2 protein chains.
Amino acid sequence: MVVHVSREGQGLRERKKQETRIALSWAAIKLAVERGLENVRVEDIAATANVSPRTFNNYFSSKGEAIAARHLDRARLFAQELRRRPASEPLWEAIKNSVLTQLSLGQDYGDGQPDQQWQTGIRLMISEPSLQGEMLKANAIAEEELAAAIAERTGTDVTRDLYPRLVAGATGAAIRVAMDQWLRADPPVSIRPLIEEAIGRLAAGLPEP
Amino acid sequence: MVVHVSREGQGLRERKKQETRIALSWAAIKLAVERGLENVRVEDIAATANVSPRTFNNYFSSKGEAIAARHLDRARLFAQELRRRPASEPLWEAIKNSVLTQLSLGQDYGDGQPDQQWQTGIRLMISEPSLQGEMLKANAIAEEELAAAIAERTGTDVTRDLYPRLVAGATGAAIRVAMDQWLRADPPVSIRPLIEEAIGRLAAGLPEP
DNA sequence: GACCATTTCTGCGTGTCACGCAAAAATATG
DNA sequence: CATATTTTTGCGTGACACGCAGAAATGGTC
């Protein structure tokens with residue numbers, strides 16, 4: 001039916017690829033949350049995404065990578081968001097706002113509660129040892145992009161100056177610490193104040209309390 | 001022959017365990033560096049360490065974990081070293097000195113050049129994707145211990161205050177950034193000034209250059 | 001020095017997995 | 001509609017993680 005529409009992202013081919021990628025990732029998360037990671041075979045994930053088992057490995061080289069993929073996408077958005085902030089904003093202000101914005105965007109993702117599903121996913125990645133590495137790897141990738149964005153913003157050179165990667169690394173650490181605290185809070189708390197505090201302290205130069 | 005010597009670590013049993021653990025780890029690194037990771041089977045590693053293949057998995061649950069084990073041990077020393085520093089020393093000073101001290105200790109490890117072998121090992125872990133996750137995992141574990149040490153030193157609470165984990169996370173990031181720069185320096189440079197600069201910037205509150 | 005409890009090592013079997021390869025299907029281009 | 005490119009699929013192979021249970025080694029005791 002379509003003839004030459006194409007350009008709305010990169011053509012139908014690219015779009016379908018992204019769709020299956022996301023479908024596989026969601027399927028992996030869903031099944032892992034339902035049954036527990038060890039009771040999910042690659043075969044099941046592929047079936048849930050209506051794809052052959054072999055195709056799964058064309059997209060991900062392990063179950064863990066598939067599950068972490070959504071987390072990676074989320075983290076990537078953060079760097080993208082930073083590039084969009086006005087240059088007038090002070091760096092740490094921009095960083096903080098980027099994180100918070102990206103958190104809001106994540107709200108209306110799937111079908112279930114806002115970030116209930118997300119929290120469950122994160123918990124899964126933290127509890128299962130085989131997923132921890134994948135999550136850390138995703139964080140590292142996102143941190144690289146973040147460093148590039150920071151370098152661009154501050155007019156520094158990622159390959160020569162330590163500064164952009166230091167800020168990116170510290171920011172990543174701050175986000176991880178805030179999330180960690182958020183996850184272990186027994187009377188559950190909102191994550192935003194935690195993020196604000198963590199990044200605020202960094203911006204203030206980590207003064208001893 | 002021995003009767004009741006025992007206490008010099010934790011008894012002969014514990015010592016032999018550590019020995020095989022280290023032997024397995026070294027064997028894994030050595031073989032991986034020589035042949036490339038993909039050409040090393042668990043069987044080979046076990047054979048090199050004079051142990052049955054099944055025993056390998058009693059110590060490590062993957063090739064990658066075995067290789068990262070040395071890195072983990074090294075990183076653990078850092079937190080231990082921090083506990084030893086005099087309480088009079090300012091925190092960042094103590095952190096910097098701990099890293100530098102631990103770097104010096106690492107000098108006289110194996111048989112080859114001082115840290116030539118170490119550098120090779122790190123390169124291996126960074127280049128092989130399947131090892132990156134393991135190294136990050138090791139870093140994360142070391143960071144936890146570091147956070148505990150910092151909390152102890154500053155009289156803060158790891159479970160309630162964000163501070164100790166923020167400092168630990170930022171420090172970990174600084175070390176990673178410094179190492180990264182060290183590895184990619186084409187006319188090779190010494191790592192110490194890089195570490196000093198990275199941690200120095202953190203201590204100064206990450207001022208924009 | 002012999003004896004028992006505990007811990008560690010080992011061999012075997014099993015289910016899972018990652019990946020190379022080549023044919024088939026889908027999509028793009030002209 | 002025809003052809004080129006990319007993606008999906010099926011099949012086969014080698015490697016691996018791990019449970020289980022017996023053998024071996026070690027530590028402490030009489």
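Below, chain A is the first sequence line, B the second, and so on; all start at residue 1. Treat the numbers as computed from the prediction; the structure is a model and nothing was measured. Excluded from the calculations below are hydrogen atoms, water molecules and symmetry mates; all remaining heavy atoms, backbone and side chain alike, are included.
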Residues Thr101(B), Arg85(B); criterion side-chain contact (heavy atoms from CB on, under 4.5 Å); working and verdict: CA-CA 11 Å; Thr101(B) 300; Arg85(B) 307 296 307 183; 3.5 Å; yes
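Side chain of Gln181(A) to main chain of Thr159(B): a donor-acceptor pair is present (N/O by atom type, distance under 3.5 Å, no hydrogens or angles).
Nearest heavy-atom pair, Lys63(A) versus Val42(A), reported as atom, atom and distance to 0.1 Å: CG-CG2, 4.0 Å. The two residues Asp180(A) and Arg165(B) come nearest to each other via the heavy atoms OD2-NH1, 2.7 Å.
At the heavy-atom level, Phe56(A) lies nowhere under 4.0 Å from the strands shown. Residue Phe60(B) is classed as having no contact, given no heavy-atom separation below 4.0 Å to the nucleic acid.
A salt bridge links Glu81(A) with Arg84(A): the distance from a Lys NZ or Arg NE/NH1/NH2 to an Asp or Glu carboxylate oxygen falls below 4.0 Å. Using a cutoff of 4.0 Å between basic side-chain nitrogens and carboxylate oxygens, Glu19(B) and Arg15(B) are not scored as salt-bridged. Of the charged side-chain nitrogens involved, at least one lies within less than 4.0 Å of a carboxylate oxygen, so that Arg176(B) and Glu143(B) count as a salt-bridged pair. Looking at Lys30(B) and Glu34(B), a side-chain N of the basic residue comes within less than 4.0 Å of a carboxylate O on the acidic one, giving a salt bridge.
Going from atom CD of Glu14(B) over to atom P of dT7(C) covers 11 Å, rounded to whole Å. Between Glu38(B) atom CD and dC16(D) atom P there is a gap of 12 Å when expressed in whole angstrom units. Rounding to whole angstrom units, OH of residue Tyr59(A) and C1' of dC19(C) are separated by 17 Å. Taking atom NZ of Lys16(B) as the reference point, atom C1' of dT6(C) lies 16 Å away to the nearest angstrom. The interatomic distance linking Asn58(B) (CG) with dC16(D) (P) rounds to 16 Å, in whole Å. Rounded to an integer number of Å, the gap from CG of Asn50(A) to P of dT8(D) is 13 Å. Following rounding to the nearest Å, Asn39(A) (CG) and dC17(C) (P) show an atom-to-atom distance of 11 Å. Atom NZ in Lys17(B) sits roughly 14 Å away from atom C1' in dA25(D) (whole-Å rounding).
With sequence neighbours excluded, no residue forms a side chain to side chain contact (heavy atoms under 4.5 Å, CB included) with Glu144(A). Remark: Thr20(B) pairs with Val51(B), Tyr59(B) by the side chain to side chain contact (heavy atoms under 4.5 Å, CB included) rule, at least two apart or across chains.
With the nearest nucleotide of DNA chain C identified for both Thr55(B) and Glu43(A), Thr55(B) has the one nearer the 5' end.
Contacts between residues 124-140 of chain A and DNA chain D, counted as heavy-atom distances below 4.0 Å, involve no residue at all.
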Each nucleotide N or O in nucleotides 10-13 of chain D that has a protein N or O under 3.5 Å away: list the pair and distance.
| from | atom 1 | to | atom 2 | distance (Å) |
| --- | --- | --- | --- | --- |
| dG10(D) | O6 | Arg54(A) | NE | 3.2 |

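When distances run from any side-chain atom of Asn57(A) to the nucleotides dT10(C), dA18(C), dT8(D), the shortest one goes to dA18(C). Taking every side-chain heavy atom of Ser62(B) into account, dA17(D) is the closest of dT10(C), dC9(C), dA17(D). If you check dT10(C), dT8(D), dT16(C) against the side chain of Arg41(A), the one that comes closest is dT16(C).
The stretch residues 149-163 of chain A participates, sequence neighbours left out, in these salt bridge (charged side-chain N to carboxylate O under 4.0 Å, His left out) pairs: Arg83(A)-Glu152(A).
Contact of the Ile95(A) side chain with the Leu91(A) side chain is registered, since non-hydrogen atoms from C-beta on lie closer than 4.5 Å.
Rounded to 10 degrees, the angle between the two end axes of the helix from dG1(C)-dC30(D) to dG30(C)-dC1(D) is 30°, with five pairs used at each end.
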